[in-house]
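Structure record follows, encoded as structure tokens.
Note on naming: letters A, B, ... go to the chains in the order of the sequence lines (proteins, then strands), and numbering restarts at 1 for each one. Being a predicted model, the structure only gives us computed values, none of them experimental.
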Amino acid sequence: MNLEDYGVDMWSTEKIEDFRSKLLAWYDHNKRDLPWRHTKDPYAIWVSEIMSQQTRLDTVIPYYLRFLQWFPTIESLANAPQDKLLKAWEGLGYYSRVRNMQQAAQEMMDKFQGQFPQTYEEILSLKGIGPYTAGAVSSIAFDLPQPAVDGNLMRVISRLFEVEADIGDPANRKIYQEIAEQLIDPKRPGDFNQALMDLGADIESPKNPRPEESPVKEFSAAYLHGTMDKYPVKKPKKKPRAVRFQAFIIQNEEGHYLLEKNIHSDLLSGFWHFPIMENYQPFDSQLDLFSANQEGHFGLVAENIGHDYPNQGIPLTSQFEKHYNLRPSWQEEISVAQITHVFSHQKWYLDLTFGSIDSSDENLQLCTQVADKEVRWVAKEDFDSYAFAKPQQKMWQSIQQLEKNKKRQ
DNA sequence: GATACGTGGAT
DNA sequence: TATCCAAGTAT
């Protein structure tokens with residue numbers, strides 16, 4: 001790759017060494033005190049790097065400490081039950097990270113004699129480890145001169161050299177990687193990477209940076225040219241797509257709730273939740289759901305009357321009865337609660353419907369044997385032992401609130 | 001190479 | 001309230 005093609009004017013050797021020196025001197029006095037900065041254990045550093053992906057460090061720290069208690073070794077992670085894994089990650093988001101970590105741990109047991117591999121290429125080969133994490137673990141745990149190109153590094157480098165390449169485009173990462181490879185201090189690669197990350201996280205933040213406080217401001221083309229506000233270039237993200245679901249809160253005679261394990265969708269895969277079915281009834285996503293429902297009623301919400309959609313015209317309650325082989329007594333009143341939840345790529349609108357099962361119902365036993373589904377009756381006292389993602393937590397919270405309101409009346 | 005994949009804090 | 005964004009990777 002020729003950096004000149006991207007308008008990058010690389011510095012002289014002397015200037016690069018001066019940059020390293022000033023950056024590391026600043027880091028030595030200003031680095032953040034983080035739990036994983038007190039260890040050289042590649043396993044612990046790996047955990048910290050995976051957790052920190054797209055996640056604020058304030059959030060990460062308690063999860064990190066607990067994770068190392070629950071899974072102190074590669075072997076313990078490789079052998080962990082899935083339920084415990086999800087519980088360890090509950091609330092962190094991007095749950096494929098922890099599934100991939102377990103797969104990587106199993107790879108280490110199988111291919112690397114239970115040890116963390118010590119070369120960049122081997123580390124990169126592990127599931128869930130991409131160029132960033134491979135560089136971070138290589139440099140921090142093994143002192144290998146590999147850059148760790150994350151959003152911070154790209155932002156800082158973009159301002160140092162006035163790079164125009166969109167940092168949101170994965171294809172452009174290699175440009176920043178190439179620059180970072182030339183800048184990185186081979187004597188202290190881990191500290192160098194973390195210094196740039198610390199700098200980017202605070203002084204060189206995306207919003208309201210304080211470039212005059214930067215220890216390397218005289219190296220920054222954007223600072224010197226007064227173009228800080230133009231870098232980095234980043235396209236705005238797309239709005240999440242609106243999706244509407246009917247949720248079914250079903251209790252049997254013992255008061256246990258019907259829960260289903262998500263085994264078909266990658267989104268929140270493995271988590272337990274109240275059964276939900278997509279409601280294709282068109283609604284104006286610009287309208288607030290709650291005001292829309294004030295005009296609606298039970299039949300309207302529960303019927304799948306969208307045009308050109310699966311099972312159009314068949315009420316969702318009927319579809320539920322068919323798919324789950326259950327015939328609940330549906331609550332007549334429209335005491336449905338509404339929940340919204342925003343993911344990075346979807347915005348969910350959930351209408352809650354209630355139903356109850358009589359133990360004499362001949363279909364009761366069939367429910368747990370429905371093909372393609374894993375369902376279970378669960379007492380609310382046992383909810384604590386399940387990992388629940390946020391939509392399920394919100395639904396449960398709403399249900400409890402409804403019960404409280406009933407008691408008061 | 002564009003999109004899927006979570007959540008919560010800041011403004 | 002709406003929007004952005006935070007130590008990315010897999011497909």
Side-chain angles (χ1 to χ4, degrees), chain A residues 31-32 34-37 45-64 86 89-101 103-104 123-140 146-156 166-174 176-177 180 190 192-202 204-209 232 234-241 243 262 265-271 285-286 288 290 340-348 387-394:
Chain A
K31 67 179 175 186
R32 290 174 287 180
L34 301 167
W36 46 89
R37 288 187 174 170
I45 291 165
W46 172 50
V47 171
S48 78
E49 292 299 339
I50 299 293
M51 278 192 177
S52 300
Q53 290 170 6
Q54 304 293 289
T55 309
R56 309 178 65 81
L57 297 193
D58 288 346
T59 304
V60 167
I61 289 170
Y63 281 90
Y64 166 83
L86 290 182
W89 218 263
E90 178 184 49
L92 263 186
Y94 286 158
Y95 300 100
S96 65
R97 289 183 291 176
V98 74
R99 281 181 270 125
N100 290 339
M101 279 184 79
Q103 187 176 330
I123 294 169
L124 183 62
S125 76
L126 295 165
K127 187 74 170 178
I129 295 189
Y132 163 74
T133 305
V137 176
S138 298
S139 62
I140 298 169
Q146 296 287 348
V149 183
D150 71 333
N152 286 312
L153 260 81
M154 288 194 284
R155 181 170 58 258
V156 171
D166 183 349
I167 66 168
D169 184 346
N172 289 332
R173 195 195 54 80
K174 64 180 191 300
Y176 296 94
Q177 171 101 16
F192 182 89
N193 283 331
Q194 293 181 91
L196 280 184
M197 285 190 270
D198 275 19
L199 188 64
D202 183 21
E204 287 268 21
S205 55
K207 293 178 177 179
N208 306 319
K234 192 177 184 182
K235 279 184 193 165
K237 287 179 183 171
K238 288 180 181 174
K239 280 189 180 177
R241 177 173 62 96
V243 190
N262 177 13
S265 166
D266 288 336
L267 180 57
L268 307 182
S269 176
F271 283 99
S285 61
Q286 301 297 347
D288 184 76
F290 304 104
T340 64
H341 184 72
V342 182
F343 298 97
S344 48
H345 60 307
Q346 292 181 18
K347 181 169 184 178
W348 281 13
F388 291 139
K390 211 63 195 177
Q392 171 66 17
Q393 290 181 8
K394 287 182 178 177

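You'll find that the side chain of A/Tyr94 is closest to C/dG8, out of C/dA7, B/dA2, C/dG8. The side chain of A/Ala389 lies closest to B/dT7 when the candidates are B/dT7, B/dG6, C/dA7. Comparing atom distances between the A/Tyr132 side chain and each of B/dT3, C/dG8, B/dG1 picks out C/dG8 as nearest.
Taken to the nearest 0.5 Å, the NZ atom of A/Lys237 stands 7.5 Å off from the OG atom of A/Ser344. Atom CZ of A/Arg32 and atom CG of A/Leu57 lie 5.0 Å apart (nearest 0.5 Å). To the nearest 0.5 Å, the span separating OH on A/Tyr64 from OG1 on A/Thr55 amounts to 15.5 Å. Taking CZ of A/Phe192 as the start and CE of A/Met197 as the end, the distance is 11.0 Å to the nearest 0.5 Å.
Contact annotation: A/His345 side-chain N/O to B/dT3 OP1/OP2 distance is not under 4.0 Å. Taking side-chain N and O atoms only, A/Tyr95 has a distance below 4.0 Å to OP1 or OP2 of B/dT7. The phosphate of C/dA7 (OP1 or OP2) has no side-chain N or O of A/Gln53 nearer than 4.0 angstrom. Within the 4.0 Å cut-off from OP1 or OP2 of C/dT9, at least one side-chain nitrogen or oxygen of A/Thr133 is found. OP1 and OP2 of C/dA7 both lie 4.0 Å or more from every side-chain N or O belonging to A/Gln54. The phosphate of C/dG8 has neither OP1 nor OP2 within less than 4.0 Å of any side-chain N or O from A/Lys127.
If you check every strand for non-hydrogen atoms under 4.0 Å, A/Val342 touches a base. Counting non-hydrogen atoms under 4.0 angstrom, A/Ile167 reaches nothing in the nucleic acid. At a threshold of 4.0 angstrom between heavy atoms, the contacts of A/Arg155 are confined to the sugar-phosphate backbone, with no base atom among them. As judged by a 4.0 angstrom heavy-atom cut-off over every strand, A/Leu153 is placed among residues making no nucleic acid contact. Nucleic acid contact for A/Gln194: none, since no nucleic acid atom lies under 4.0 Å from a heavy atom of the residue. A/Pro391 comes within 4.0 angstrom of sugar-phosphate atoms only, judged by non-hydrogen atoms across all strands, and of no base. Nucleic acid contact for A/Ala148: none, since no nucleic acid atom lies under 4.0 Å from a heavy atom of the residue.
With DNA chain B read from its 5' end, the first of the two nearest nucleotides for A/Pro170 and A/Gly93 is the one closest to A/Pro170. DNA chain C is contacted by both A/Trp36 and A/Asn100; A/Trp36 maps to the nucleotide lying nearer its 5′ end (nearest heavy atom per residue). Sequence order on DNA chain C of the closest nucleotides to A/Ile129 and A/Glu49 puts A/Glu49 first from the 5' end. Each of A/Ser344 and A/Gly168 has a nearest nucleotide on DNA chain B; the 5'-most of these lies closest to A/Gly168.
For the P atoms, the distance from B/dC5 to C/dA7 is 23 Å, rounded to whole Å. Taking atom P on both nucleotides, B/dG6 is separated from C/dT3 by 22 Å, rounded to a whole Å. Rounded to the nearest Å, the gap between the C1' atom of B/dG8 and that of C/dT1 is 16 Å.
Between the P atom of C/dT1 and the NZ atom of A/Lys347 lies a distance of 10 Å, rounded to the nearest Å. Distance A/Gln392 CD to B/dG6 P: 15 Å, rounded to the nearest Å. Rounded to an integer number of Å, the gap from CD of A/Glu204 to C1' of C/dA7 is 16 Å. Per the geometry, CE belonging to A/Met154 stands 10 Å off P belonging to C/dA7, to the nearest Å. Distance, A/Asn172 CG to B/dG1 C1': 11 Å, rounded to whole Å. Distance NZ (A/Lys239) to P (B/dT3): 17 Å, rounded to an integer number of Å. Distance CG (A/Asp169) to C1' (B/dA2): 9 Å, rounded to an integer number of Å. Atom CD in A/Glu90 sits about 13 Å away from atom C1' in B/dG6, given to the nearest Å.
Within the 4.5 Å cutoff, side-chain heavy atoms of A/Val60 are placed close to those of A/Trp36. A/Lys234 places a side-chain heavy atom less than 4.5 Å from the side chain of A/Asp166. A 4.5 Å side-chain heavy-atom check between A/Lys394 and A/His341 finds at least one atom pair inside the cut-off. A/Phe271 has its side chain out of reach of A/Gln392: every pair of non-hydrogen atoms, C-beta onward, lies at least 4.5 Å apart. Taking the side chain as every heavy atom from C-beta outward, A/Met101 and A/Trp46 approach each other to under 4.5 Å.
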Which atom pairs link the protein and nucleotides 8-11 of chain B when you take only N or O atoms and keep those under 3.5 Å?
| unit_1 | atom_1 | unit_2 | atom_2 | d |
| --- | --- | --- | --- | --- |
| B/dG8 | OP1 | A/Lys390 | NZ | 3.2 |

Query raised in the report: Where each pair must be Watson-Crick or G-U wobble with both distances under 3.5 Å, what dot-bracket representation of DNA chain B is obtained, with crossing pairs in [ ] and other-strand partners as |?
Result: .||||.|||||
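A donor and an acceptor atom, one from each side chain of A/Gln177 and A/Lys174, are nowhere located under 3.5 Å apart. Side-chain polar atoms of A/Asn100 and A/Arg97 form no donor-acceptor pair below 3.5 angstrom. Defined by atom type and a distance below 3.5 Å, a donor-acceptor pair is present between the side-chain atoms of A/Gln53 and A/Thr133.
Per the stacking criterion (ring centres < 5.5 Å, plane angle < 30°), A/Phe343 does not stack onto the base of B/dG6.
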